[in-house]
Amino acid sequence: MDKFVLKFLEKFVSKKFNKNVKEENISDWRRTVCGDLTSVFKPYNGEKIDTLEYVKKEPFLETIHAAKFKKLPNNYKALTSVEVMEANKFPEKSAWMPKQEKGIKRACALPYELYVEGKERDDEFEIIFKVGKQMFGEETVGCPFVVYYRENGEVKTRNYALKAGDIITDTWMLDSEKFKFEVYGPNGFYRAFKVNVETNGFESKLWYQEGKDRKYNGNIDLQIKNISDKSLQVEVVDLAYETGIKTIMLSKNEYKKVSLDLTQSHSWYDFLVRTKGSKEAGWHYAGHVETGKESFTDPQMGGLV
């Protein structure tokens, strides 16, 4: 039986009978990376729930029968080289690529609190992974991460799995002054560290912004530090939600906090931190801030931005 279902049954039966019920055949690793399906439910607080409209049987059967008499598709064509290039490079603009239905839907809260940061260390690059527990406590779920490392045309990968509360640091040896690390996690989580030593000169760290009750409010704070030997202009560039560019002046060894309001994007973010005018380097952050409350699906993916 699916591990997700087994974990759901564990929780359901344990709550129903007030006993600790545990399936012994689920390994610690699977418990870390597999959820228990409870995030698809939300608390009921007495709201009026509209009755679902059932499918009308006869009209539906008629559409199935009518499908037998439709002609076979015959509008195939060979794509031109320009159309192939567009489909590969700009799939969202291509008329020949599938399109997601426009709009957004309500989304239940997910118990994720994920952090990944990168640091330059001479001929090494350090990546720090963390699954925090401040927001969801013992309900926090673990997380798998995949890292892709691109250098000199070669791609290497490493895989990680963290339990709730874990912090893991890994180090990569560098063979050149230009490189790129990409980190993928669940729920749209993405980090990219693209470095050209001649144009990079900062470190940044992302934190989820806290409200008065120490719960996350859906916004984020960035701490940006100048690690070069000269003054820098650093830009925070919104790549998806049209909030513009923030420019920060930093003297040698100075660091500043930059707050980003994600209210209009329902706490989704996708932005680049870079030295002003640089196209060869930058720290790319994307994902969703989970607050424990119901939210919405990504408006950029939904075509609303």
Side-chain angles (χ1 to χ4, degrees), residues 40 52-53 55-56 59-108 110 112 144-150 153-155 157 178 180-194 196 218 220 235-246 260-274 277-290 294-305:
V40 304
L52 293 175
E53 184 177 347
V55 174
K56 293 180 173 57
F60 185 71
L61 291 177
E62 288 175 9
T63 63
I64 296 175
H65 178 70
K68 294 170 56 177
F69 307 102
K70 286 187 176 181
K71 294 181 179 180
L72 293 174
N74 59 4
N75 61 338
Y76 303 111
K77 59 163 277 185
L79 300 183
T80 66
S81 58
V82 173
E83 289 170 333
V84 172
M85 182 277 294
E86 185 182 58
N88 286 326
K89 204 165 185 180
F90 307 105
E92 70 282 357
K93 296 180 181 179
S94 171
W96 302 100
M97 295 296 287
K99 298 287 191 300
Q100 178 167 310
E101 185 179 356
K102 193 171 183 178
I104 58 176
K105 294 282 190 179
R106 290 190 176 276
C108 293
L110 296 172
Y112 287 123
F145 293 103
V146 181
V147 177
Y148 293 89
Y149 171 40
R150 304 173 192 276
E154 186 179 0
V155 179
T157 65
K178 294 183 180 181
K180 183 178 182 180
F181 292 91
E182 292 181 282
V183 184
Y184 292 86
N187 196 31
F189 186 92
Y190 176 77
R191 300 288 185 267
F193 308 107
K194 184 179 180 182
N196 175 340
I220 55 181
E235 297 178 325
V236 180
V237 184
D238 189 331
L239 300 176
Y241 303 104
E242 300 179 351
T243 60
I245 299 175
K246 293 179 180 287
L260 301 181
D261 187 337
L262 308 181
T263 305
Q264 297 303 313
S265 60
H266 304 293
S267 296
W268 291 92
Y269 59 92
D270 186 353
F271 62 88
L272 182 68
V273 184
R274 68 184 184 191
S278 173
K279 295 182 180 179
E280 298 297 324
W283 266 214
H284 187 171
Y285 296 86
H288 185 250
V289 182
E290 292 294 335
E294 185 180 64
S295 183
F296 288 89
T297 55
D298 185 355
Q300 196 274 336
M301 289 184 67
L304 301 184
V305 183

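- Side-chain contact check for Leu239 versus Tyr285: every heavy-atom pair is 4.5 Å or farther apart.
- Enclosure of atom CD in Glu101 is not indicated, since only 12 or fewer non-hydrogen atoms of other residues, nucleotides or ligands lie within 6.0 angstrom.
- Taking the side chain to side chain contact (heavy atoms under 4.5 Å, CB included) definition, one finds that Val82 meets it with Thr80, sequence neighbours left out.
- For Phe60, the side chain to side chain contact (heavy atoms under 4.5 Å, CB included) partners are Val55, Thr63, Ile64, not counting sequence neighbours.
- Environment of CD in Gln264: sparse, with no more than 12 heavy atoms of neighbouring residues, nucleotides or ligands closer than 6.0 Å.
- Of the inter-residue distances, the one linking Arg150 atom CZ with Thr157 atom OG1 reads 10.5 Å to the nearest 0.5 angstrom.
- Minimum heavy-atom separation, Ile220 to Phe271: CD1-CE2, 3.4 Å.
- Counting all heavy atoms, side chain and backbone alike, Pro91 lies closest to Met97 at O-CB, 3.5 Å.
- Side chains of Val237 and Arg274 form a contact here, defined as non-hydrogen atoms less than 4.5 Å apart.
- The two residues Gly218 and Ser267 make their nearest non-hydrogen contact at O-OG, 2.9 Å.
- Of all heavy-atom pairs between Pro299 and Trp268, the closest is CD-CD1, 3.7 Å.
- The NZ atom of Lys56 sits 13.0 Å away from the CD atom of Glu62 when rounded to the nearest 0.5 Å.
- Scanning all heavy atoms of the two residues, the minimum distance from Ile245 to Glu235 falls at CG2-CB, 3.9 Å.
- Asp270 CG to Asp298 CG: the interatomic distance, rounded to the nearest 0.5 Å, is 8.5 Å.
- For residues 70-83, every residue pair satisfying the salt bridge (charged side-chain N to carboxylate O under 4.0 Å, His left out) rule, not counting sequence neighbours, is listed here: Lys77-Glu83.
- Of the possible donor and acceptor atoms, none in the side chain of Ser94 sits under 3.5 Å from a partner among the backbone N and O of Glu86.
- Considering every non-hydrogen atom in both Ser295 and His288, the closest pair reads OG-NE2, 3.3 Å.
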Hey, can you pull the donor-acceptor pairs under 3.5 Å for the side chains in residues 185-193, sequence neighbours left out?
from	atom 1	to	atom 2	distance (Å)
Asn187	ND2	Glu290	OE2	3.0
Tyr190	OH	Glu182	OE2	2.6
Arg191	NH1	Tyr269	OH	3.3
Arg191	NH1	Ala286	O	3.0
Arg191	NH2	Tyr269	OH	3.0

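- Phe296 is linked by a side chain to side chain contact (heavy atoms under 4.5 Å, CB included) to Ile104, Arg106, His266, counting only residues two or more places apart in sequence or in another chain.
- Legend: residues meeting salt bridge (charged side-chain N to carboxylate O under 4.0 Å, His left out) with Lys93, ordered by chain and number and at least two apart, are absent.
- Side-chain atoms of Leu272 and Lys194, non-hydrogen and from C-beta on, never get closer than 4.5 Å to each other.
- No donor-acceptor distance shorter than 3.5 angstrom exists from the side chain of Lys178 to the backbone of Ala281, with no hydrogens or angles considered.
- Going from atom CE of Met301 over to atom CD of Glu92 covers 11.5 Å, rounded to the nearest 0.5 Å.
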